[in-house]
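Please read the structure below before turning to the comments.
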Amino acid sequence: MKGNRFAFIQLITGILILVACQAWYTQATPQAINWLLLPTTKLVALFTGADYYFRPNTGYIFEQPHIAIGITCSGFTFLMICITMLYFQFNKYYTKWYTKLFFLLFIIIISYPITLIMNCARILSGILGQRIGDLLLEPKPHLILHQCIGLLVYFICLIIMHKLAINYFSKNQPNEQSTTT
Amino acid sequence: MNKAQQPKWAILLSVIPVLLFFAITLQLFYTDQSKPIYTFEDLLSILIGAASYLIIIIPYVIYKIIRKNNISLTAFIFILTFSVLEVFFFMHFELSNILDNGNVFGITLPVNETMLFLLIPGCFYSLFGIVVLLNEPDNKDAWRSIIFAIGIPIFYAFIFLFFSNFNSVRLDFIPDIFIPIIIVVSVIFVVYHILRASYLAYYKNKSESYITSPPFVLFFGVFMPFLGLAVNNMDEGYYFGNFSSYWYFILAVLNGFILAIPFGNNLTVRIIAFIARSILFAFTIYFFIVFLPYAPLSVVLIAALGAGLLMLTPILLFIIHCQVLINDISFLKNYIGKPYLRAILICCLFVIPVTIHQQLAANKKEMLSAIDYLDHPNYEKNTTINLAKTVNAFKVKQVYPGFFSGRANKNGTPIISWYFNTVILDSKTISIAKGTTLKCILLNSNPPFIINEPTTGDNVKLDHHLVTSSFDPAAGYWTSYVQLFLQAPDSIKQGRNNQLEYYSVFDLPTGCYITDYYLMIGDRKEKGILAEKKAATWAYDQIVNTRKDPGFLHYITGERIALQVFPFAKNEERESGITFIHAEPQTIILDGDTIYLGQPTVSPITSIIESNNQVAYIPESIKVTLPKTQRQPYYHFIIDLSENNNDFNFEKSIKDFIEKYPEGANNAKVSLVNYNISTFPYVEETKEKIKSASFKGGFFMDRAIRTAIYDNYMHPDETFPMFIVCSDDLEKAYINSDFSDMQFAYPDVDYFINLKSNQDIYKHNLFHFPYRADSTSIELPVINPVYIYEDNKYPKQFLSTKPGSDIVIDFKNYNYEAFEPGKNNWKNGLYFQAENRYLQLYPYLANKSWDESVYNSFTTGILTPVTSFISLENEGQKKMLLEKQKAMLEGTKAENLGEDPQMMSEPNIFVILIAGLALIGITKRKKLFAKMF
């Protein structure tokens, strides 16, 4: 009973934090989210060989391909989903509050580079998708295609991470779990 | 159940590739309607074949999947027959020669290689299926097949040697198709026996250990790849692609050794080996993909001194690599979970491709910077270029048309060049002229051929001309219609396909603009279309290659115009014409003839005319009343630091020159010029810099002079630079045609001096054929006096004292985007001239206003440097031009018109959640249903 209540409180707290983060995110300026935007932009520039510049109200603008990496492209949503998925799915393997906290910190730390890589992969796939769309259809922004590619890239990554984590925890359950049960 | 008979392999190796093959062939069938009609018949027969195959095989495979049955022997024979016939017909019809580099859905592909890559897997798969079904491994031996596989090529080698001296006329009774059929049947037979021998050997568990044994791997993993790369790079032909980079050799040897070494049973060592092998697997896959289309050819070439074995090596290496990785995984899975091993394999597999992609992206950046450096300089900033990085970047920009292509240029690297050109550069082409220019600047090769050299002797000439001028008193300008009668000579010795082209250039006087053009095609007067210049140039070149009739009128530099008409047969006379608008009577010199526009019957203009507050037209009657001065020159030594000029003792030469001609020694400047430019005053402290300068790359003289002219124009005072170019090899300097486009900013002198190491000096005209020395002279050029124009509205400017009107522009304020064409077309022309001059001073702004300029030219009908008049013969050509123009305008519209960039937004969080729930619902549906009901 006690465990269930703790899990419930944890869940509610998590949801509240998530909602708060999303509320902050919707109001954020490009400068405020630069910690995600700038590395993503640099990664995209590295793989496209394109120059970019910063426009305060929009974010980072690339001349060729003519794209913008703004707040909505920062990967913040993915970061939140990634942390939430990994934490709520696997924190059950840790029972002590401080181990849970360390686990959460660990997840936040690894989620950051994963988000950067996956967001970069999504943007690059989006650029490629746009180009293919232009070739096969007509040159215009293919928004649905772009969203579908984004979903596909995110889901592939989330599923792989989930599978690998399940595989890990099924073979290497933390000792504290075995002692408590 | 044998795995090879499972229908999924048929889908993967035959159905999907043939679907792609069908799509590509269909696309080729529908595009480029100018191809010969028989090509369409051949393509149609191939298309019908592929469609019929797909109609039969797809339902068959689906049926087999539903029934969980195997593929039968008949189906394998059917797949084999189709695949072989399609390959045979595609090669036999020589469609790749006609289709050139096939443009498939906007992507240029080597046609033969692509088609073979799609069809060959089907051939091999079906043959393997037949081998499996016809041979029971328990009671068959591999050695019989080995004898066939070796014996047949040797037999053909003997036949070839025997018949090589045989008179082929005696074999005329044999139909042409007979020999190709015999070759194809023999190849199938040999491949069948190779597969049979491999299958039987493998089945008896002999091959698995044998192909991973160190001697075997070292031979096919190290020796043969190294030999193959060395043979391919022996001459500049690069038949299978340019693999001259030392990385190919390093990776080939490393790959071979890492595959050959067993590494024992230590877990850590095996993991490291597995990672290394997984990373290098991308290298093996690359060569496997490149050489797979040549597999049938390699079988034939085994007869030719075993050359085919080199071509088969990548395929054998692929099999070895797969087997080694399988062995690694089966060892490591005892310690590490399979998902992790898969993840490691996939991640490692991406290491080389991602590195290459990143390197290519960096190359693109370098290329674009180099092109910007060349075309759109900012004279205020002394930007530099990195020689090594830029040269490396341009090495990749080569095209690999494929081994089967008859083209000479195979400098590209298969797949990588294509990927770079298509994906990274987004199919943007870099013109040959630009490539030559960059080579000249960076590598000191010869400069591009200057097209506006005067025409010589045996060529089409202007025979005579007629002018009709009329004055519009309301608008206040003249309109002159000039009819040009062009005459080809009696004898034709040169030109494309014995047809001559008329080519002539003329300078447009200040205040004179072109508003129309025509060419007589037969009895029809074909009016010129005002089109975007790059699109029109492309169309003209396309049409000239197909010997149709175009006439072409365009700016080449500054205010200089070129007129081109094609073709002329022997002794042919053709008529063309141009319409000019001008405020005052003008003269134009075309092809040696003086053309008088307008008559001096109307009283001359006596006031300054302005357009859009950016430009003032100063008629000659006013110009001559302005204050006059003669500015003092100072020497600006342009020192050639290119790699072929290192014997030049600059210090001594400059010293001797100054002693001889001390007039301009005060405030002298020096520019050290190779591909970069460094300018500083010529004083005692800076002489050391000249001494220690190193000689590298080419000689970018053009940029050095333009920067100095710009600098003097922006800071007008009583001095001006007199250019002393210190070089023994001026022919190798890069000059973009001439400096006539900057003449308005440099009215004091028409010449620069070439100072040689032997102290000889030569005068060269800056504005006409600057490569050519006027004469050896011991006198410095004459300095022209200049008029001073200064008022509150326009910055101080010096105007030429040569006869004719002039203009002054507001070169300090950029308001050129705000232009609205007015009713007075001559004033619009005046504005365009000012804009043109402005952009000569600020070339980096040209891109920004490019499509505005095109639009304004179209609206007013006035020819500008960004547009051309082109007369075309038929509607097809016009359509072609307009489509090209549309693509070009659309291509840059987004950037130039300030359109919002496309936001690369993440999927919405609710969309992700809904999709996630749907995914969970689908995967866990059984559990959910069980709980619910």
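Naming convention: chains lettered A, B, ... in sequence-line order (proteins, then strands); numbering from 1 in each chain.
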Which of A/His146, A/Gln22, A/Met80 touches chain B most, by non-hydrogen pairs under 4.5 Å: A/His146
Taking all non-hydrogen atoms of both residues, which atom of [X] and which atom of [Y] are closest, and how far apart?
X        : Y        : answer
A/Leu151 : B/Ala915 : CD2-CB, 4.2 Å
A/Gly150 : B/Pro907 : C-CG, 3.7 Å
B/Tyr340 : A/Leu164 : OH-O, 2.8 Å
B/Ser905 : A/Cys73  : N-SG, 3.6 Å

For [X], I'd like to know if atom [atom1] has over 12 heavy atoms of other residues, nucleotides or ligands within 6.0 Å.
X        : atom1 : result
A/Phe88  : CZ    : yes
A/Leu105 : CG    : yes
A/Trp35  : CH2   : yes
A/Tyr98  : OH    : no
B/Phe350 : CZ    : no

[X] side-chain N/O to [Y] backbone N/O, donor-acceptor pair under 3.5 Å:
X        : Y        : value
A/His66  : B/Gln902 : no
A/Tyr154 : B/Ile912 : no
A/Arg122 : B/Met904 : yes

At a heavy-atom separation under 4.5 Å, does [X] approach chain B through its side chain, its backbone, both, or neither?
X        : value
A/Ile61  : side chain
A/Tyr25  : side chain
A/Leu128 : side chain

Close side-chain approach of A/Lys163 and B/Pro339, heavy atoms under 4.5 Å: no
Reference residue B/Glu906; test side chain to side chain contact (heavy atoms under 4.5 Å, CB included); the match among A/Thr72, A/Ile71, A/Thr77, A/Ile81: A/Thr77
Nearest-0.5 Å distance, CD1 of residue B/Ile909 to CZ of residue A/Phe76: 9.0 Å
Largest heavy-atom contact set with chain A, pairs under 4.5 Å, which of B/Gln359, B/Lys364, B/Glu366, B/Gln358: B/Gln358
